[in-house]
There are 2 protein chains.
Amino acid sequence: MRADAKKNYEQLLAVARHVVTEQGADASLRDVARKAGVGLGTLYRHFPTREALLEALLRTKFDESAQRASELETWDNAGNALVTWLREAIAMTHTYRGAIAPMVAAIVDEGSALHASCVSLRAAGTRLLVRAQADGVARGDMDGNDLFALISALAWLADQPPLVPRADHLFHVISSAILTDRQEPAIP
Amino acid sequence: MRADAKKNYEQLLAVARHVVTEQGADASLRDVARKAGVGLGTLYRHFPTREALLEALLRTKFDESAQRASELETWDNAGNALVTWLREAIAMTHTYRGAIAPMVAAIVDEGSALHASCVSLRAAGTRLLVRAQADGVARGDMDGNDLFALISALAWLADQPPLVPRADHLFHVISSAILTDRQEPAIP
DNA sequence: ACCTGAACACCGTTCAAGT
DNA sequence: ACCTGAACACCGTTCAAGT
């Protein structure tokens, strides 16, 4: 990449991070280019779609989440590990307001710039879920797609101002539903 | 209302129903006016906001849902009644794609045309929940706001094409979490 | 009373013209 | 190679002018 191109790329990313933090994932791309002091075509050259820009903004977050999953797989308590990862994954997906809808769309759109990241997020969740199921601490009738859908729904909920006060409590209700207490058998 | 005004109103509503069914709640209002063969100002005269139009489209659905709640309050099994209403309320809110976000926003916006309808929807759910709790078949640590948030999250989920295949199963998971089996005490 | 559509201030996306 | 910004086809919202 030529030096001037690289400079524009970095500048666009920095400005986009700021604008998207303020206005959400559906912020005006024109506005981003304007504030970056760059022509509109330059933005489209570096980020051909809105998803590509969002992916660049979220890349580090996705990577952190994947690495975190690896750590959590070493925990003794597979149930705690799963719930802890869920909580953090939900927090990650609403780093930027309005990011969850494009992520959900990307999971089935192989052409989307967000596709690979979302697939590996789902894969990380699946590993933690399967381990918890093997330990008998998570209900058996769920898979990684269910988990991805629940993360999405809870992240969306936390994005709606009127529902924010309920988000924590409902996370608790739902994670309780996922976890199964391993009951000691009653005295026979 | 003058006869011509009434005719325009009905025509707009009929066309809006069709367009919003096809394109979702964020359909182009210009398009609605155009297809109704009416000036854009006429649309804004009859429906000053998008919420006002949506409210007119959903009014009958809201009414049906409230009436249905009254019926269900007479059921013997308060838990079944609650879950049945939840399922129907969720189906109702995605009569039109994209309708759930404005509904959620309206619950705290007293100026919104959708406010009253959303408040009475929440009230209906609250009544069914309280009855189930009194019968000991619903968990005690939830209220009508939690229920409204769960309905919203599940309705949103059913609006995302990639998540649709999981919607029914997750409804079951979540409603199981709401209902509490009334356990017979173990032999003392 | 009610209707119309031009006017204004925005978008996203593309692409010829420049360096 | 890369950048620019005009051009095109859309929005939502308002409001003077018409009947």
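Reminder, nothing fancy here: chain letters follow the sequence lines and each chain counts from 1. Everything numeric here is computed off the predicted structure, so don't read it as measured data.
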Nearest 0.5 Å, please: how far is CD1 in B/I90 from CD1 in B/I174?
8.0 Å
Minimum heavy-atom separation for B/A106 and B/H115, please, with both atom names.
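So the minimum-distance heavy-atom pair works out to O-ND1, 2.7 Å.
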What is the minimum heavy-atom distance between B/Q23 and B/A27, and which atoms define it?
CB-CB, 3.9 Å
Dot-bracket pairing map - DNA chain C, Watson-Crick plus G-U, both contacts under 3.5 Å, | cross-strand:
||.|||||...|||||.||
So, does [X] use its side chain to make a donor-acceptor pair with the main chain of [Y] at under 3.5 Å?
| X | Y | answer |
| --- | --- | --- |
| A/R45 | A/L40 | no |
| A/D159 | A/R97 | no |
| A/D109 | A/G111 | yes |
| B/T42 | B/V38 | no |
| A/S152 | A/F148 | yes |
| B/T180 | B/R139 | yes |

Between atom CG in B/D31 and atom C1' in C/dC11, what is the gap in whole Å?
17 Å
Taken to the nearest whole Å, CZ/A/R34 to P/D/dG5 is 12 Å
B/L86 pairs by side chain to side chain contact (heavy atoms under 4.5 Å, CB included) with which of B/L150, B/L147, B/L128?
B/L147
Those residues of residues 6-25 of chain B lying under 4.0 Å from DNA chain D by at least one heavy atom:
none
What are the residues of residues 43-54 of chain B, sorted by number, that bring a heavy atom to within less than 4.0 Å of DNA chain D?
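Contacting residues: B/Y44, B/R50.
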Side chain of A/L29: nearest nucleotide among C/dG12, C/dT4, D/dT4?
C/dG12
A/S28, nearest nucleotide to its side chain (from C/dT4, C/dA1, C/dG12)
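In terms of side-chain proximity for A/S28, the closest of C/dT4, C/dA1, C/dG12 is C/dG12.
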Could you give the side-chain donor-acceptor pairs of residues 8-22 of chain B under 3.5 Å, partners two or more places apart or in another chain?
from, atom 1, to, atom 2, distance (Å)
B/R17, NE, B/Y96, OH, 3.2
B/R17, NH2, B/L57, O, 3.2
B/T21, OG1, B/R17, O, 2.5

For nucleotides 6-9 of chain C, print each protein N/O atom paired with a nucleotide N/O atom at under 3.5 Å, atom names and distance only.
from, atom 1, to, atom 2, distance (Å)
C/dA7, N6, B/R30, NH2, 3.4

By the 4.0 Å heavy-atom rule, please label B/A3 as base, sugar-phosphate, or nothing.
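Answer is nothing: B/A3 stays at 4.0 Å or more from every strand.
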Looking for any heavy atom pair under 4.0 Å, which part of the strands does B/A27 touch: base, sugar-phosphate only, or nothing?
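If one applies the 4.0 Å heavy-atom cut-off, B/A27 turns out to touch the sugar-phosphate alone, with no base involved.
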Please check if atom CG in A/D141 has more than 12 non-hydrogen atoms from other residues, nucleotides or ligands closer than 6.0 Å.
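Count over threshold, so yes.
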Does B/D4 have any salt bridge (charged side-chain N to carboxylate O under 4.0 Å, His left out) partners at least two apart in sequence or in another chain, and if so, which?
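B/D4 satisfies salt bridge (charged side-chain N to carboxylate O under 4.0 Å, His left out) with B/R2 once adjacent residues are dropped.
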